[in-house]
Amino acid sequence: MTMHDTKIKLSDETERHTLTVLVDNEAGVLARVVGLFSGRGYNIESLTVAEVDPMARTSRITIVTSGTPDVIEQIEAQLRRLVPTHKVTNWTSADTGIEREMALVKVSGTGEKRVEALRMADAFRARPVDTTHSSFVFEITGSPHKIDSFVDLMRPLGLVDVSRTGVAAISRGPEAM
Amino acid sequence: MDKDDTLQQALAAQAAPDAMLGAMNGTMTGAQMVIQALRDQGVTHIFGYPGGAVLPIYDALFQVEGITHVLVRHEQGAVHAAEGYARSTGKPGVVLVTSGPGATNAVTGLTDALMDSIPLVVLTGQVPSHLIGTDAFQECDTVGITRPCTKHNWLVKHVGDLSRVLHEAFQIATTGRPGPVVVDIPKDVQFQTGSYIGPQAVHHRTYKPKTDPDLGAIVRAVEMMAAAKKPVFYTGGGIINSGPEASALLRELVDLTGFPVTSTLMGLGAFPAARPEWLGMLGMHGTWEANHAMHDCDLMICLGARFDDRVTGLVKKFSPDSKKIHLDIDASQINKIVRVDLPIVADATKALREMVRFWKAQKHKVDAPALKEWWQQIDHWRTKKSLGYRNSETIIKPQYAIDRLYALTKHRDVYVTTEVGQHQMWAAQRFHFQEPNRWMTSGGLGTMGYGLPAALGVQMAHPDALVIDIAGEASIQMCMQEMSTALQYDLPVKIFILNNEYMGMVRQWQELLHGKRYSHSYSEALPDFVKLADAFGCVGLRADKPSELDDKIQEMISVRRPVLFDCRVDPTENCYPMIPSGAAHNDMILSPDDGGEISDAGKMLV
Ligand SMILES: Cc1ncc(C[n+]2csc(CCOP(=O)(O)OP(=O)(O)O)c2C)c(N)n1
Ligand SMILES: [Mg+2]
């Protein structure tokens with residue numbers, strides 16, 4: 001699945017973009033990134049962060065944001081300006097990325113609804129990771145859009161709780177970001 | 001004194017030989033490392049205020065020579081003084097303050113320096129590591145509080161990191177787009193011993209600002225300049241920050257092209273006000289000719305400026321028909337407010353050098369007939385005499401006061417700082433600067449209280465110069481306490497108050513926008529400034545009438561002591577010309593009779 005799923009025109013001017021920032025994993029670096037978004041009034045729709053190279057002490061932060069093309073350009077420039085930033089990639093503009101999100105979705109119910117939930121899960125390749133007589137927890141991976149659809153389908157079937165990881169993104173082909 | 005249980009470490013540190021100071025590398029305490037790093041960075045002056053969490057550094061400072069510490073009266077004053085020092089010398093300003101209130105008092109100055117891109121290294125003490133997070137006495141989250149108002153900041157948790165961080169701090173503050181940085185040092189780290197490394201050994205992993213221009217862009221820029229029929233140079237603080245060579249190159253480029261030049265508040269002095277190509281300042285209180293040239297030009301060459309709202313007015317109507325070249329060292333400034341046709345991300349000196357070189361090498365010529373017509377148009381705008389005012393025999397007009405101050409000081413080695421308000425704008429309009437680094441004003445943040453401490457920093461760096469703070473009676477009361485610092489260090493700064501008994505700029509807006517309801521803008525219960533000067537051990541002077549102004553100014557200049565000059569001016573005067581908020585460059589008002597209906601949208605703006 002490519003970025004086309006996420007480059008959704010939210011309105012005439014607003015677009016959704018997925019950005020990855022590779023940063024030095026120093027104290028406070030996440031606060032710098034998050035503070036930049038809140039301080040300048042940018043949106044964060046999801047944010048994922050983890051150290052990816054303990055030897056090089058680098059962390060990878062993937063942010064789904066939305067704004068006009070001008071604002072997206074500013075966000076990238078402002079992220080590049082942060083001192084601990086190694087690199088910034090906009091997967092949506094570059095159109096070379098693969099994006100995945102994982103979610104844990106809890107559904108409770110019995111009878112027909114329960115059967116229906118399991119059937120849907122199967123169609124979405126969501127896997128039950130916890131099962132009781134009256135509930136399931138499904139693990140589902142895919143584009144944020146796919147997870148949205150799955151969650152929507154589960155709603156009338158007894159949706160209780162959703163936990164989403166936010167988006168992880170990586171480039172296609174042999175190169176690093 | 002602050003409670004901490006580092007006495008053991010203190011005793012150990014005292015027993016250790018401090019002969020290490022002076023060595024490039026070696027084992028020393030964190031406090032000694034701070035002093036050693038300052039020396040290795042060529043620091044000769046620091047501005048500060050002691051407290052429990054920085055006592056080890058003050059102790060190390062006590063034992064060395066060659067670093068002058070200026071004890072201010074409020075940490076805000078320390079930061080502004082360091083800003084004045086930095087802006088008048090091109091060197092970084094250094095500040096040392098304690099934890100908690102020392103750090104929070106520094107926040108206004110840090111924000112000021114961030115907005116105006118002034119290189120500062122601010123060292124703050126912090127409670128000992130093991131107390132961090134416990135709401136300890138005089139603990140505050142200094143890195144958290146200062147993160148959005150610094151270019152970068154650090155909390156140093158291990159003495160082994162300290163010297164590297166200090167050298168990185170200087171590198172980041174002074175290179176690329178300059179700015180303030182904070183290094184927060186817990187007290188235990190100041191006592192611990194570790195090995196010191198010199199500046200040469202430090203290479204930042206990620207911070208590598210781009211300073212060399214793309215030559216393709218330079219070639220295109222000079223081609224666009226050669227083809228222009230109605231060009232204008234719009235220059236800013238970036239030219240000053242880049243160093244005096246950038247100002248020299250700008251002059252050379254104007255020699256080659258004969259293009260008109262205007263500047264932001266921050267850029268005054270980069271181009272000499274005495275030259276015929278000078279249009280005066282642009283923007284909200286800029287000249288008629290500068291703003292009209294910006295509006296009507298076909299090529300705008302923006303050099304080290306950032307399309308601030310005080311400059312652009314209504315962005316939608318900003319210079320609608322021009323092609324725009326934008327040179328800035330900070331890529332995030334490109335296309336931030338105004339879309340440009342040709343961005344050049346580079347240091348101004350390097351880019352201007354290449355522009356001059358390519359202009360010459362490619363033997364470019366300007367479009368002389370078109371340029372002649374353009375100048376005729378500009379000369380026509382100039383006949384508006386938009387800085388004109390009606391003088392008086394009986395009352396001192398603030399414009400007249402600045403004119404006389406300028407006339408009587410211009411042949412001297414003079415530096416001017418300001419507070420914020422009408423007086424600041426009158427100073428910018430009427431005190432004509434010929435050289436860079438002579439004009440220190442709070443542009444981006446507009447900080448009342450900036451001028452006096454900034455003047456002290458300037459005077460510290462230039463002991464024999466004439467340093468004048470052009471002030472308002474309201475602003476000066478915000479950092480007034482620094483007069484005491486002036487006396488202590490024998491800094492003969494001149495505080496020239498345009499005393500209109502109002503927060504004049506606030507009153508002006510209330511007159512224009514709020515039906516003359518002067519809500520809380522009258523400066524009531526003013527001190528007797530002459531007596532106040534006396535109480536501070538400084539010299540107080542007062543002028544009430546235009547006839548006595550010159551003599552009093554002469555007296556102010558001739559005493560080699562700090563002077564507080566209470567210049568009583570017309571309380572009703574407004575600062576014109578003015579682009580009302582929400583209006584375009586060619587929609588200026590020149591006087592109160594000029595109508596100037598301000599739209600509801602305009603009233604929403606600041
Ligand atoms: C710290 C701070 N508080 C408030 C303001 C808002 N403000 C801008 S100008 C001004 C009035 C300044 O009065 P004064 O110093 O007398 O100067 P004048 O305009 O009369 O020349 C005020 C309150 C500010 N710029 N800075
Ligand atoms: Mg006033």
Side-chain angles (χ1 to χ4, degrees), chain A residues 13 15 17 19-42 44 47 49 51-61 63 65 67-90 93 176-177, chain B residues 111 114 117 126 129 132-133 141-158 161 164-165 168-169 171-173 175-177 179-184 186 203-210 306-307 315 326 328-340 343 345:
Chain A
E13 282 157 8
E15 300 175 358
H17 281 241
L19 309 175
T20 291
V21 197
L22 196 64
V23 293
D24 241 22
N25 188 16
E26 58 177 44
V29 64
L30 182 60
R32 266 177 231 289
V33 170
V34 172
L36 189 158
F37 277 75
S38 64
R40 293 184 184 265
Y42 306 141
I44 297 182
L47 181 144
V49 57
E51 189 170 69
V52 288
D53 186 344
M55 299 299 281
R57 287 188 294 112
T58 49
S59 284
R60 192 161 167 133
I61 303 175
I63 303 162
T65 183
T68 62
D70 287 357
V71 166
I72 301 289
E73 185 182 328
Q74 257 299 298
I75 293 174
E76 288 179 53
Q78 293 290 348
L79 287 169
R80 281 197 185 94
R81 201 160 80 118
L82 294 177
V83 167
T85 296
H86 284 275
K87 198 162 188 242
V88 177
T89 300
N90 181 336
S93 307
M177 77 176 257
Chain B
T111 312
L114 185 73
S117 310
Q126 182 54 279
S129 306
I132 290 178
D141 177 7
T142 299
V143 285
I145 290 169
T146 62
R147 197 175 289 124
C149 61
T150 52
K151 183 174 172 184
H152 198 60
N153 64 10
W154 298 258
L155 168 64
V156 181
K157 290 184 178 150
H158 309 285
D161 295 334
R164 172 183 57 79
V165 167
E168 283 180 7
Q171 190 203 350
I172 288 169
T175 59
R177 180 178 178 180
V181 299
V182 163
V183 183
D184 196 28
H203 305 284
H204 202 278
R205 277 160 52 88
T206 50
Y207 177 77
K208 293 174 181 83
K210 173 182 181 316
R306 59 180 175 87
F307 299 90
V315 175
H326 187 186
D328 205 296
I329 196 161
D330 177 358
S332 74
Q333 300 310 302
I334 308 288
N335 296 335
K336 185 181 74 176
I337 307 287
V338 170
R339 281 250 144 217
V340 297
V345 177

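What you see is a predicted model; the values in this text were computed from it and never measured. Chain letters run A, B, ... following the sequence lines, proteins first, then strands; residues in each count from 1.
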Student: Taking side chain as everything from C-beta outward and backbone as N, CA, C, O, which of these in A:Gln74 sits under 4.5 Å from a heavy atom of chain B? Side chain, backbone, both or neither.
Tutor: side chain
Student: Check the side chains of B:Tyr207 and A:Thr85 for a donor-acceptor pair under 3.5 angstrom, ignoring hydrogens and angles.
Tutor: no
Student: Is it the case that the side chains of B:Asn153 and B:Thr146 hold a donor-acceptor pair, with the cut-off being a distance below 3.5 Å and no angle test?
Tutor: yes
Student: Contact part of A:Arg57 toward chain B, heavy-atom cut-off under 4.5 Å: side chain, backbone, both or neither?
Tutor: both
Student: With distance as the sole criterion, is a donor-acceptor pair present between the side chains of A:Thr68 and A:Asp70 under 3.5 Å?
Tutor: no
Student: Pick one of side chain, backbone, both or neither for A:Arg32, based on which atoms fall under 4.5 Å of a heavy atom in chain B.
Tutor: both
Student: For A:Asn25 and A:Arg60, does a side-chain donor sit closer than 3.5 Å to a side-chain acceptor?
Tutor: no
Student: Side chain, backbone, both or neither: which part of B:Ile334 has a non-hydrogen atom closer than 4.5 Å to chain A?
Tutor: backbone
Student: At their closest point, which heavy atom of B:Thr175 faces which heavy atom of B:Pro209, and how far apart are they?
Tutor: OG1-CG, 4.1 Å
Student: Measure A:Glu76 against the heavy atoms of chain B and call it side chain, backbone, both or neither at under 4.5 Å.
Tutor: neither
